[in-house]
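Here's the structure we're looking at; comments come further down.
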Protein chains: 2
Amino acid sequence: MADIVANETRDKPRSAVGREGVLNVAARLFRDHGYGGVSLRKIAGAAGIKAGSIYYHFGSKDEIVAAILDEGILAVHENMRRAIEEQPANAGAEALLRAAIGAHLRALLDVSDYSSANVRIFGQVPQSVRDANLPTRRAYEAEWDNLLSRLLDAGALKAGLDIRRLRLMLIGALNATLEWFDPDRGSADALAQTYADVFLHGILAQQET
Amino acid sequence: MADIVANETRDKPRSAVGREGVLNVAARLFRDHGYGGVSLRKIAGAAGIKAGSIYYHFGSKDEIVAAILDEGILAVHENMRRAIEEQPANAGAEALLRAAIGAHLRALLDVSDYSSANVRIFGQVPQSVRDANLPTRRAYEAEWDNLLSRLLDAGALKAGLDIRRLRLMLIGALNATLEWFDPDRGSADALAQTYADVFLHGILAQQET
DNA sequence: TAACATAACTAACATACGTTAGGCATGGCG
DNA sequence: CGCCATGCCTAACGTATGTTAGTTATGTTA
């Protein structure tokens, strides 16, 4: 107690941009302009520092990108896991899937620049960077596979569905939204509802005849 | 016998790569490595010529990319339009949609390097190149909107569906396949069947109670 | 054979990029 | 006060890129 309690700005010299500032700016730039469209000089400029200074915080451009990719997956994963946990214990398959779809889509469109940057640039970065991101990615995929498998085993999903393929289709479809979503045409929540409607029940009018 | 009858390679000097050869090679490279990952020197090298020679056929790198983007849309469009036309006049909504989905997916995964290159790099090219591709793109989108509208008006689709949004979701989902499709795990045709099953009827087991 | 267009080549340019080395200011701590 | 780590700056490097200008080889045509 003798020592002064560390205050909230303990290790943040007032005017410093810092590692986190660089990452935040870089994530937004990568999301907006892709991997090849963003140079270290542009990142530095947007952050209010000079290009060389970035090397105080990072060893290379790829190290920045790798950090953003990892953080991006962690953010969606966290968002999705919490959404599932918050569901009541007796929640049905429909409610669980709606929660997961909504969480993933909101992470991309509303919550995290890192998540949207990940989706945007993953296919553009060098192989080594992709590989570095794979473990984090696999963990998130496993979370989905786990959810889908439980629902399949419980008989809530159509029998015979391939879990892996279904997960790829689902996440791929949701991620693609990033390329055309326009908040002026409707909220991310509303869009998530539509996705859930389509994926859970299909688009054909029920014609039992 | 005086003159040799013009043979099938009439205007193709034997060793010439030509504009088309450059485009073919470039489309494949762009599809595999993205826009930023492919330089003119790499295109030239893969085509068997030198970088400067490309400027005999094209005025700039962007001109190559623009040509590939347009040709890519034309190829899917053609493929999809023919698939619809080949359906019998009394074909139902399900058959028409299955045909369209299959045609789009096969164009991407089996038929055309140009189409897959388009999907892969559209989000990475300069704004001006994107803009140049927009008219061609809009025509293809209109083809889909036309199909979906007819089915909606006929009562075959769930009432209240937004055509534009539905088209974006559908094409987006199909295009995303390009990032994970592996021919060793199943054919494009089989995958198209699965997409159709999911989109038309959903993934939930029918539980009327 | 002479003339010509086609399709390529060589060599160089300016620019932008990732990266490095060394220097300068600030603020906490002994 | 003096020390030292933190966080940034300046200046330059080598390399890769898109692009240009001038040249050469080849096949067709008159």
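All values below were derived from every heavy atom in this structure, side-chain atoms included, with hydrogens, water molecules and symmetry-related copies excluded. To find a chain, count down the sequence lines: A is the first, B the second, and so on, and within it residues start at 1.
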Identity of whatever pairs with C:dA5 - Watson-Crick or G-U, under 3.5 angstrom: D:dT26
Between A:R106 and A:V111 (side chain of the first, backbone of the second, donor and acceptor by atom type, cut-off under 3.5 Å), is there such a pair? no
Rounded interatomic separation in angstrom, taking CD from A:E63 and P from C:dG18: 15 Å
For A:D70 and A:Y114, which I'm curious about, is there any donor-acceptor pair between the side chains at under 3.5 Å? no
Spacing between B:I43 atom CD1 and D:dT19 atom C1', to the nearest angstrom: 14 Å
Of the listed nucleotides (C:dC9, C:dC17, D:dG18), which one gets closest to any side-chain atom of A:R41? C:dC17
For residues 42-53 of chain A, which side-chain N or O atoms pair as donor and acceptor with protein atoms under 3.5 Å away, sequence neighbours left out?
{"residue": "A:K42", "atom": "NZ", "partner": "A:G37", "partner atom": "O", "Å": "3.4"}
{"residue": "A:S53", "atom": "OG", "partner": "A:K50", "partner atom": "O", "Å": "3.3"}

Rounding to an integer number of Å, can you tell me how far A:K42 NZ sits from C:dT15 C1'? 13 Å
Between B:D62 (CG) and D:dT17 (C1'), how many Å, whole number? 13 Å
So, is A:K50 close to the D:dC8 phosphate, meaning a side-chain N or O under 4.0 Å from OP1 or OP2? no
Select base, sugar-phosphate, or nothing to describe what B:S53 touches, counting heavy atoms under 4.0 Å on all strands. base
Return the value, rounded to whole Å, for the distance between atom OH of B:Y56 and atom P of D:dA21. 17 Å
Taken in chain and number order and not counting sequence neighbours, the residues that satisfy salt bridge (Lys or Arg N to Asp or Glu O under 4.0 Å) with A:R138 are A:E141
Mind checking whether A:V198 and B:K158 have side chains closer than 4.5 Å, heavy atoms only? no
Taking C:dT6, D:dG18, D:dC8 as options, the one with an atom nearest any side-chain atom of A:I49 is D:dC8
Candidate nucleotides D:dC8, C:dA8, D:dG18, ranked by approach to the side chain of A:H57 - the nearest: D:dC8
In whole angstrom, give the distance that lies between atom NZ of A:K61 and atom P of D:dA16. 16 Å
Could you tell me whether the phosphate oxygens of D:dA16, OP1 or OP2, come under 4.0 Å of any side-chain nitrogen or oxygen in B:S39? no
Without decimals, in angstroms, what is the distance between A:F58 CZ and D:dT6 P? 16 Å
Roughly, in whole Å, what's the span from CG in B:L40 to P in C:dA16? 17 Å
Between D:dC8, C:dT19, C:dA8, which nucleotide gets closest to the side-chain atoms of A:Y55? C:dT19
